[in-house]
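Read the structure below first, then the notes.
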Amino acid sequence: MSDNDRYAMLIGVSTYDSDAYHDLPPVRADLHYMRAVLESTEIGMYNDCAMVAEPTRAEMLHAIESFLEERQTSETALLYFSGHGEFCEIDNQLYFLTRDTDPADLPGTAVPAEFLERMLQSCRASSKIVLLDCCASGSVVQGWTAKGSADSEERPVPSTLLRPTGVYFITASDALQTASAMAPAGSSLRTSRFTGEIVEGLRSGRIKDSGRTLRMTSSST
């Protein structure tokens, strides 16, 4: 494909070293079909997608940083992640789990949403699209509503990921919601539900109103 101004990086983690996390076979199909629709000259019209499959924490950090730092002001950058996400109540932060994540040490072995925020802030691309197919993915833009009674004095932590301009988030879940690994009804793709809806929507031009799925937040100004 000839170069244009659209660049994408697709990250997927389907297997985990820790027995605390179950494997996610649909992630492999997620990467395959997302790449197909984005690179299609009749649909996404993106340049060849950068693929990061089964990364360790170090590999994922390096890949995201390199990809976003390389973007120019005339370009669109799309970053996609499919895998486990876990919200840590200790620091009120979402973590993207990698192949070598240790559940006893999320800050030291998983990729924090705060890192993604910093990279988006410094990225020069005029338009940045982030697709997150993981549990608790909505917490990156909604902040987190603390558990407890309605009259609790605790208040939601304000979102910090809305600071960068020209950023568009589409997430598979709310802040405390799990993301379904099941394919959409009637689909033969064997992807997760969220990615399946995205792929089918790009193919057909129609996005189903599936209630809690496909949550989009814009921080453009």
Side-chain angles (χ1 to χ4, degrees), residues 1-13 27 30-31 34-39 44-88 91 93-101 106-134 136-143 158-172 194-195 198 202 215-221:
M1 181 184 298
S2 60
D3 287 343
N4 55 47
D5 62 355
R6 299 182 181 183
Y7 294 86
M9 171 172 283
L10 311 181
I11 304 172
V13 186
V27 168
D30 289 346
L31 293 177
M34 279 296 298
R35 182 179 191 175
V37 295
L38 289 178
E39 292 183 355
M45 296 185 290
Y46 276 75
N47 293 298
D48 292 344
C49 296
M51 301 288 284
V52 184
E54 318 300 347
T56 62
R57 179 181 188 269
E59 291 168 344
M60 184 168 166
L61 289 171
H62 176 72
I64 292 175
E65 182 175 12
S66 299
F67 173 72
L68 293 179
E69 283 187 346
E70 291 172 1
R71 305 282 64 83
Q72 302 301 314
T73 55
S74 61
E75 298 173 351
T76 292
L78 184 150
L79 184 63
Y80 166 86
F81 173 76
S82 180
H84 281 305
E86 185 172 336
F87 192 89
C88 179
D91 58 5
Q93 182 159 194
L94 172 67
Y95 286 89
F96 307 108
L97 309 190
T98 57
R99 176 163 50 87
D100 59 344
T101 292
L106 289 181
T109 62
V111 175
E114 184 272 337
F115 168 79
L116 177 59
E117 173 192 358
R118 288 189 285 108
M119 292 299 99
L120 289 170
Q121 286 178 331
S122 62
C123 178
R124 292 184 294 272
S126 58
S127 183
K128 290 157 275 193
I129 303 167
V130 183
L131 306 179
L132 299 177
D133 192 349
C134 63
S137 53
S139 63
V140 299
V141 291
Q142 297 175 9
S159 169
T160 57
L161 279 174
L162 294 181
R163 292 174 185 167
T165 59
V167 183
Y168 302 86
F169 292 92
I170 304 179
T171 64
F194 172 80
T195 297
I198 291 288
L202 289 173
R215 300 182 178 276
M216 180 171 180
T217 303
S218 167
S219 63
S220 61
T221 58

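Source: prediction; values computed, not measured.
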Rounded to the nearest 0.5 Å, what separates atom CG in Leu38 from atom CE in Met9?
13.0 Å

Closest non-hydrogen atom pair, Ala53 against Leu31
CB-CD1, 4.2 Å

Side-chain (Lys128) to main-chain (Leu120) donor-acceptor, under 3.5 angstrom:
yes

Main chain of Asp133, side chain of Ser137: is a donor-acceptor contact present, judged purely on distance under 3.5 Å?
no

Solution key, residues 77-84 side-chain donor-acceptor pairs under 3.5 Å, sequence neighbours excluded:
unit_1, atom_1, unit_2, atom_2, d
Tyr80, OH, Thr195, OG1, 2.6
Ser82, OG, Asp30, OD2, 2.8
His84, NE2, His22, O, 2.8

I need the Ile64 CD1 to Arg118 CZ distance, nearest 0.5 Å.
11.0 Å

Got a donor-acceptor contact below 3.5 angstrom from the Gln93 side chain to the Glu114 backbone?
yes

Might you point out which heavy atoms bring Leu132 and Phe96 nearest each other, and give the distance in Å?
CD2-CE2, 3.9 Å

For Tyr168 and Ser127 the tightest heavy-atom approach is CE1-OG, 3.8 Å

Nearest heavy-atom pair of Tyr46 and Thr76: which atoms, and what distance?
OH-CG2, 3.8 Å

Out of curiosity, Leu131 CG to Ile11 CD1, how far, rounded to the nearest 0.5 Å?
11.5 Å

Pairs where residues 67-87 contributes a residue and the test salt bridge (Lys or Arg N to Asp or Glu O under 4.0 Å) is met, not counting sequence neighbours:
Arg71-Glu75

Side-chain heavy-atom pair Val13, Pro55 within 4.5 angstrom cut-off:
yes

Results of side chain to side chain donor-acceptor pair (under 3.5 Å) for Asp100 - residues two or more places apart only:
Thr98

Restricting to salt bridge (Lys or Arg N to Asp or Glu O under 4.0 Å), what partner residues turn up for Arg57, sequence neighbours left out?
none

Sequence neighbours left out, what passes side chain to side chain donor-acceptor pair (under 3.5 Å) with Tyr7? Give chain and number order.
none

Minimum-distance pair of heavy atoms, taken over all atoms of Gly85 and Cys134
N-CB, 3.6 Å

Show the numbers, then the answer: is there a side-chain contact (heavy atoms from CB on, under 4.5 Å) between Val130 and Leu116?
CA-CA 10 Å; Val130 183; Leu116 177 59; 4.3 Å; yes

Answer yes or no: is there a donor N or O on one side and an acceptor on the other, between the side chain of Thr101 and the main chain of Thr109, under 3.5 Å?
yes

Taking only residues two or more places apart in sequence or in another chain, which ones pass side chain to side chain donor-acceptor pair (under 3.5 Å) with Arg35?
Glu39

Short question: side chain of Arg124, backbone of Thr73 - any donor-acceptor pair under 3.5 Å?
no

To the nearest 0.5 Å, what is the distance between CD (Glu65) and SG (Cys123)?
12.0 Å

Evaluate Ile198 against Met34 for side-chain contact (heavy atoms from CB on, under 4.5 Å), listing each step before the verdict.
CA-CA 8 Å; Ile198 291 288; Met34 279 296 298; 3.8 Å; yes

Donor-acceptor contact present, side-chain Asn47 to main-chain Arg6, <3.5 Å
yes

Without swapping roles, check the side chain of Glu59 against the backbone of Thr56 for a donor-acceptor pair under 3.5 Å.
yes

